[in-house]
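Counting from 1, the numbers follow the sequence of the chain as shown.
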Amino acid sequence: MFAFAAFTFVPSFLSLEFGLSLGQAGAVMALYGVGGLAYALSARWLIPRLGERGLVASGSALLGAALATLVWCPAWIWAVPACLFGGLGLYMLHGTLQTHATQMYPP
């Protein structure tokens, strides 16, 4: 909930704090989705190497680092990798949690 909610305010923050147009800020925020696609393309490689615990730990670390970068970034350009790695981290975490949630559902 917090990860999705926090990223919804990024374009407004970039616009107000750094003077980007809403279109430019939205383009930066689109990299969040590109991070999700990067996870989808690399999941076959990541899952066997990191395992479930590694995916959750790495995804949480990436997501936390991305949010911290967005809060304390000195220039808007820092938001570019933050959004990209934030999307990657969220989907690493979310995919693992979603898998366990579907396994817990009674038949």
TODO: Provide the full list of side chain to side chain donor-acceptor pair (under 3.5 Å) pairs with a residue in residues 16-27, sequence neighbours left out, each pair given once.
DONE: Ser21-Gln24
Task: Sequence neighbours excluded - side chain to side chain donor-acceptor pair (under 3.5 Å) pairs with any residue from residues 43-54 - done: Glu52-His100
Please set out all donor-acceptor pairs under 3.5 angstrom arising from side-chain atoms of residues 27-38, sequence neighbours excluded.
none

TODO: Answer whether the closest heavy-atom distance between the side chains of Leu93 and Leu55 falls below 4.5 Å.
DONE: no
Indicate every side-chain donor-acceptor pair of residues 58-87 with a distance under 3.5 Å to a residue at least two apart or in another chain.
unit_1	atom_1	unit_2	atom_2	d
Ser58	OG	Gly54	O	2.8
Ser60	OG	Val56	O	2.8
Thr69	OG1	Ala65	O	2.7

Throw together a table of side-chain donor-acceptor distances under 3.5 angstrom for residues 5-16, partners on residues two or more places apart or in other chains.
unit_1	atom_1	unit_2	atom_2	d
Thr8	OG1	Ala5	O	2.6
Ser15	OG	Leu20	O	3.1

